[in-house]
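Down below is the structure, laid out as structure tokens.
Reckoned from all heavy atoms, side chains included, excluding hydrogens, waters and symmetry mates. Residues: numbered from 1 along the sequence shown.
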Amino acid sequence: MFRSTVVLALVVCMGQSAMAIPSAGSHLFARSSDETCGEYFDRKGKDICSKNDYENRRGSSTVCDGDCSKSECCKNKIEDETCGEYFDRKGKDQCTKNGYENRRSSSTECDGDCSKKQCCKNKEDDDETCGEYFDRKGKDHCTDNGYENRKSSDTECDGDCSKSQCCKNKKDDETCEEYFDDKGDDVCKDNGYDDKEDDDTECDGDCSKSQCCKNDDDDETCGEYFDDKGKDYCNLKGYQNRKGSETKCDGDCGRSQCCSNKQDDGYQTCQEWYDDDDGREKCTEGDYNSRRGGAYPCSGDCSSSQCCRE
């Protein structure tokens, strides 16, 4: 009887001990749903970063969004990171979480590893400044691409900046290949052209649409005409308006095909009104806060309604 009692007690004790030891699959040993880079390196190997062209590993305590990946746990990629890789690493809501309204294009290349300053932007200020561009691409981006100087940081670009908008004094003539790398392969079609010139086409200094884009036929567009003549050409010749850039001319364009609202001789320009009639001050009064270009030809005598803008 005594022996049976001892054996029974021993079995009970062993059973309690076994219950007290959690199995490897129990919730006490399970990691949270967010993996750390330390767990990732244990899983993939310490050399996973160098194998994939990254120079360094992030700290083992770095917490990923779900299962880790090399883009989240490795840094200083030998090639420049794209904003797409950055959003994969940080999450698609990284910009809104940090007070920005929009994300830049996934194909945007950063100078080394991306950051929110390089990949996020605000909707109300869609036009990037060259200062923001240099923050994104690096202060030596111009010299690295064959330019002698940078434009001032407060220079505003049309949309996202590019090296052709923020760098100046190119040492060598640019090629259309460099232009397409900078502006995107669709720049010609986006601006009403049928096709692109060959990549090895050399421009006179910095390339432009008129030098690197072409149409299948010989008919020029007003966009090409204004690229050659200047955006204010119509005003300088006494016309108030320009026609759309995609307007096709019959052969080579001319003023009559690309400009409209010709004024009679003897018209006053806004510049004359600014200089002679205190026009600059009048454009700061009431609901006005900006001025038209000085070459604009008025209908009759100039006035605030013609030369000032709200």
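Pairing of Cys83 with Cys119 by a disulfide is supported, the SG atoms lying closer than 2.5 Å. Between Cys302 and Cys307, the sulfur-to-sulfur (SG-SG) separation does not fall under 2.5 Å. With 2.5 angstrom as the limit on SG-SG distance, Cys74 and Cys49 come in below it. For the cysteines Cys213 and Cys188, the sulfur (SG) atoms lie within a distance shorter than 2.5 angstrom of each other.
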(Q) Let's go through Gln306 and Gln268 carefully: what are the C-alpha distance in whole Å and the side-chain angles of both, what is the deciding distance for side-chain contact (heavy atoms from CB on, under 4.5 Å) to 0.1 Å, and is it a yes or a no? (A) CA-CA 11 Å; Gln306 294 191 77; Gln268 186 181 25; over 6 Å; no
Q: Give the C-alpha distance, both sets of side-chain angles, the deciding distance and a yes or no for side-chain contact (heavy atoms from CB on, under 4.5 Å) between Lys196 and Thr201.
A: CA-CA 10 Å; Lys196 302 186 298 176; Thr201 301; over 6 Å; no
Q | Tyr288/Ser304 under side-chain contact (heavy atoms from CB on, under 4.5 Å): CA gap, chis, key distance, verdict | A | CA-CA 8 Å; Tyr288 298 110; Ser304 299; 3.8 Å; yes
Q.
Go through it in stages, so that I can follow the logic: the residues are Cys207 and Cys176, the test is disulfide bond (SG atoms under 2.5 Å apart), and I'd like the CA-CA distance, side-chain angles, deciding distance and then a yes or no.
A. CA-CA 6 Å; Cys207 288; Cys176 287; 4.4 Å; no
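None of Lys262, Arg242, Lys229, Gln240 except one satisfies the side-chain contact (heavy atoms from CB on, under 4.5 Å) rule with Cys234; the exception is Arg242.
Judged by distance alone, with hydrogens and angles left aside, the side-chain atoms of Lys189 form a donor-acceptor pair with the main-chain N or O of Asp194 at under 3.5 Å. Judged by distance alone, with hydrogens and angles left aside, the side-chain atoms of Glu220 form a donor-acceptor pair with the main-chain N or O of Cys253 at under 3.5 Å. Using modelled atom types, one side-chain atom of Glu85 and one backbone atom of Thr82 make a donor-acceptor pair closer than 3.5 Å.
Atom OH of Tyr267 and atom CG of Asp301 lie 14.5 Å apart (nearest 0.5 Å). The distance from the SG atom of Cys283 to the CG atom of Asp278 is 11.0 Å, given to the nearest 0.5 Å. Summarising the geometry, atom SG belonging to Cys249 is positioned 8.5 Å from atom OH belonging to Tyr225; distances are rounded to the nearest 0.5 Å. Distance check: Glu148 CD to Cys142 SG gives 11.5 Å after rounding to the nearest 0.5 Å. The OG atom of Ser245 sits 13.0 Å away from atom NZ of Lys243, with the distance rounded to the nearest 0.5 Å. Remark: Ser153 OG to Phe134 CZ distance equals 6.5 Å, nearest 0.5 Å.
Side-chain contact annotation: Tyr233 with Arg255, donor-acceptor N/O pair under 3.5 Å present. A side-chain donor-acceptor contact under 3.5 Å links Ser299 and Gln263.
Within the 4.5 Å cutoff, no side-chain heavy atoms of Arg43 are placed close to those of Ile48. Side-chain contact check for Asp275 versus Arg280: some heavy-atom pair is nearer than 4.5 Å. By the 4.5 Å heavy-atom criterion applied to side chains, Gln94 and Tyr86 are counted as neighbours. Between Pro297 and Asn235, the closest side-chain pair of non-hydrogen atoms falls below 4.5 Å.
Annotation for Thr175 and Asp199: closest pair CB-O, 3.7 Å, computed over non-hydrogen atoms. Nearest heavy atom pair, residue Gly294 against residue Thr269, reads O-CB, 3.5 Å. Of all heavy-atom pairs between Asp252 and Gln257, the closest is O-OE1, 3.2 Å. Nearest approach of Leu236 to Ala295, heavy atoms of both residues: CD2-CB, 3.7 Å. Across all non-hydrogen atoms, the minimal contact from Arg292 to Tyr274 is O-OH, 2.9 Å.
Taking the charged nitrogens against the carboxylate oxygens, Lys209 and Asp190 have no contact shorter than 4.0 Å, which rules out a salt bridge.
Residue Asp287 places its CG atom among 12 or fewer non-hydrogen atoms of other residues, nucleotides or ligands, all under 6.0 Å distant. For CG of Asn149, the number of neighbouring non-hydrogen atoms (other residues, nucleotides, ligands) closer than 6.0 Å is greater than 12. Counting non-hydrogen atoms of other residues, nucleotides and ligands closer than 6.0 Å to NZ of Lys90 gives a total of 12 or fewer. Annotation: Lys231, atom NZ; neighbour count of heavy atoms from other residues, nucleotides and ligands within 6.0 Å is above 12. Within 6.0 Å of NZ in Lys70 there are 12 or fewer heavy atoms belonging to other residues, nucleotides or ligands.
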